[in-house]
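Quick notes on the structure that follows.
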2 protein chains.
Amino acid sequence: MSNKKLYRGSLSTIILKLLGDNGRMYGYEITQRVKELTKGELKITEGALYPSLHKLEAEGHLQVEFEQVNNRMRKYYSLTEDGTKEVVNKLLEMEMFLQTMQGLLQPPLSSTTEFIP
Amino acid sequence: MSNKKLYRGSLSTIILKLLGDNGRMYGYEITQRVKELTKGELKITEGALYPSLHKLEAEGHLQVEFEQVNNRMRKYYSLTEDGTKEVVNKLLEMEMFLQTMQGLLQPPLSSTTEFIP
DNA sequence: TGCAATACCTAAAAACATTAGGTATATTAC
DNA sequence: GTAATATACCTAATGTTTTTAGGTATTGCA
């Protein structure tokens with residue numbers, strides 16, 4: 001990911017979610033889709049993406065199909081049965097995290113209870 | 001942090017925000033406060049906290065005061081002028097991140113536009 | 001013809017957290 | 001009274017994930 005370092009740890013969740021939504025995707029496609037969806041906010045670097053895909057595959061969450069398109073090879077990834085369960089876990093985990101974070105970082109009471117007539 | 005690995009990268013933001021809200025805190029206090037505020041969801045480990053505090057201090061965001069309480073030393077941290085600016089940046093960055101993440105991971109259109117009569 | 005885009009990949013380094021220790025005092029429980 | 005828990009600081013080795021910085025090769029556009 002090129003942007004800030006906050007995205008650390010969330011890459012596999014993003015990959016799994018996208019594959020859950022789209023059925024199957026190839027690596028390069030994932031980088032482009034994320035750029036689109038986040039309006040350029042988040043740019044996944046290939047140095048992070050490919051190792052992450054390989055790890056998810058090794059863990060049994062993803063399966064691979066090769067396809068030749070325009071004389072260029074594409075490696076399509078899709079969720080395994082196990083991967084489908086993993087998406088649910090990861091998304092719940094992420095929701096929990098986002099909530100916890102919002103709770104922690106929202107303005108303190110002293111400033112939210114101010115009365116401005 | 002004990003929980004999952006999602007918190008990676010957000011520790012310094014949490015520290016700065018807490019110090020912004022509370023004026024000054026010592027390390028151990030920070031771990032306890034975070035545990036309270038997140039109802040046990042997030043447990044900052046000391047192995048993560050202390051190096052992070054030292055780094056923020058080295059970067060000029062925090063300043064230190066020692067105090068002896070009950071025969072035990074406390075190292076109180078507070079924001080420097082520079083640190084006060086940094087809190088704002090970090091919080092904006094984090095808000096951006098949370099929004100981006102929510103946008104990315106919310107249910108896809110195909111499932112939200114379903115019509116159930 | 002040369003550069004950007006598409007498409008895959010890896011290895012070294014950096015960043016950050018976990019794990020697992022260490023020191024020391026105070027308080028609570030048995 | 002003594003052992004465990006809480007308070008309070010710290011570090012070093014390890015592990016995970018990301019960045020940085022390359023590499024290969026084809027296609028399409030200027």
Side-chain angles (χ1 to χ4, degrees), chain A residues 1-16 24-36 40 42-59 61-62 64-77 90 93-94 97 100-101, chain B residues 1-16 24-36 40-59 61-62 64-77 90 93-94 97 101:
Chain A
M1 323 255 197
S2 81
N3 256 1
K4 297 306 178 309
K5 54 242 168 189
L6 285 175
Y7 302 88
R8 278 174 171 278
S10 52
L11 179 53
S12 58
T13 306
I14 294 171
I15 293 174
L16 290 168
R24 57 174 223 164
M25 300 178 82
Y26 55 99
Y28 187 74
E29 189 185 6
I30 292 176
T31 64
Q32 302 307 304
R33 186 67 57 87
V34 170
K35 217 194 294 178
E36 270 174 49
L42 206 175
K43 281 170 200 140
I44 294 179
T45 61
E46 302 191 338
L49 177 71
Y50 289 112
S52 186
L53 284 171
H54 299 161
K55 196 183 173 217
L56 287 168
E57 190 195 348
E59 290 167 346
H61 300 317
L62 301 187
V64 181
E65 265 172 277
F66 286 91
E67 207 164 301
Q68 190 86 3
V69 179
N70 292 331
N71 206 32
R72 270 203 223 93
M73 189 190 62
R74 281 183 190 168
K75 219 173 147 179
Y76 276 98
Y77 289 90
K90 287 275 201 181
E93 217 175 80
M94 178 60 78
F97 167 69
T100 300
M101 237 20 184
Chain B
M1 324 256 197
S2 81
N3 257 0
K4 297 305 177 308
K5 53 243 169 191
L6 284 174
Y7 303 89
R8 279 171 171 279
S10 53
L11 179 55
S12 59
T13 306
I14 295 171
I15 294 173
L16 290 168
R24 57 173 222 165
M25 300 178 85
Y26 56 99
Y28 187 74
E29 188 184 9
I30 293 176
T31 65
Q32 302 307 305
R33 186 65 59 86
V34 170
K35 218 193 295 178
E36 271 174 47
E41 256 304 294
L42 208 173
K43 281 170 198 141
I44 294 177
T45 61
E46 301 191 338
L49 177 71
Y50 290 112
S52 186
L53 283 171
H54 299 160
K55 196 185 172 215
L56 287 168
E57 189 194 348
E59 288 166 348
H61 300 317
L62 302 186
V64 181
E65 265 172 279
F66 287 90
E67 206 163 305
Q68 190 85 4
V69 179
N70 292 330
N71 206 31
R72 269 203 227 93
M73 188 189 63
R74 281 186 191 164
K75 221 172 145 179
Y76 277 98
Y77 289 89
K90 288 275 200 180
E93 219 175 79
M94 177 59 78
F97 165 70
M101 239 17 185

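Each chain gets a letter, A, B and so on, in the order the sequences are listed, and its residues count up from 1. No hydrogens, no waters, no symmetry mates; every other heavy atom, side chains included, goes into these values.
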Practice task
Name the nucleic acid region contacted by R72(A), choosing base, sugar-phosphate or nothing; use a 4.0 angstrom heavy-atom cut-off, strictly under.
Solution key: base
Exercise for the section: Can you tell me the distance, in whole Å, between the CZ atom of R74(B) and the P atom of dT25(C)? Expected result: 16 Å
Problem - d(CG, L49(A); P, dT17(D)) in whole Å - result: 14 Å
Handout entry: Distance, rounded to the nearest Å, where I44(A) contributes CD1 and dT17(D) contributes P
Key = 15 Å
Handout entry: Y28(A) side-chain proximity, nearest of dC8(C), dT19(C), dC10(D)
Key = dC8(C)
Problem - Whole-Å gap separating C1' (dT6(C)) and OH (Y26(A)) - result: 8 Å
Exercise for the section: Remember a base hit wins even if backbone is also touched, and classify G27(A) as base, sugar-phosphate or nothing at under 4.0 Å, heavy atoms. Expected result: sugar-phosphate
Completion exercise
Ranking N70(A) and E46(A) by the position along DNA chain D of their nearest nucleotide, the one closer to 5' is E46(A)
Completion exercise
What one should report as the nearest heavy-atom pair of E46(A) and P51(A) is O-CD, 3.8 Å
Fill in the blank from the handout: Assign each of S52(A) and Y50(B) the nucleotide of DNA chain D bearing its closest heavy atom; nearer the 5' end lies the nucleotide of Y50(B)
Practice task
Record whether the side chain of R8(A) comes under 3.5 Å of the base of dC16(C) through a donor-acceptor pair of N or O atoms.
Solution key: no
Exercise for the section: Mind listing the closest non-hydrogen atom pair of G9(A) and L6(B) along with its distance? Expected result: O-CD2, 3.4 Å
Practice task
Measure from CG on L6(A) to C1' on dA15(C) and round the result to the nearest Å.
Solution key: 13 Å
Practice task
Would you name the heavy atoms of M73(B) and F66(B) that are closest together and state the gap between them?
Solution key: SD-CD2, 3.5 Å
Exercise for the section: Quickly work out the E29(B) CD to dA8(D) P distance and round it to whole Å. Expected result: 9 Å
Practice task
Answer yes or no: does a side-chain N or O of K55(B) lie under 4.0 Å from OP1 or OP2 of dC16(C)?
Solution key: yes
Practice task
Locate the shortest heavy-atom distance separating T31(B) from I44(B); write the atom from each residue and the value.
Solution key: CG2-O, 3.9 Å
Handout entry: N/O (side chain, K75(A)) to phosphate O (OP1/OP2, dA7(C)) under 4.0 Å
Key = no
Completion exercise
Y28(B) and Y50(B) have their tightest heavy-atom pair at N-OH, 3.8 Å
Problem - L42(A) CG to dT18(D) C1', straight-line distance once rounded to whole Å - result: 12 Å
Practice task
Would you kindly give the NZ-to-C1' distance between K43(A) and dA5(C), to the nearest whole Å?
Solution key: 15 Å
Handout entry: Any H54(B) side-chain nitrogen or oxygen under 4.0 Å from OP1 or OP2 of dC10(D)
Key = yes
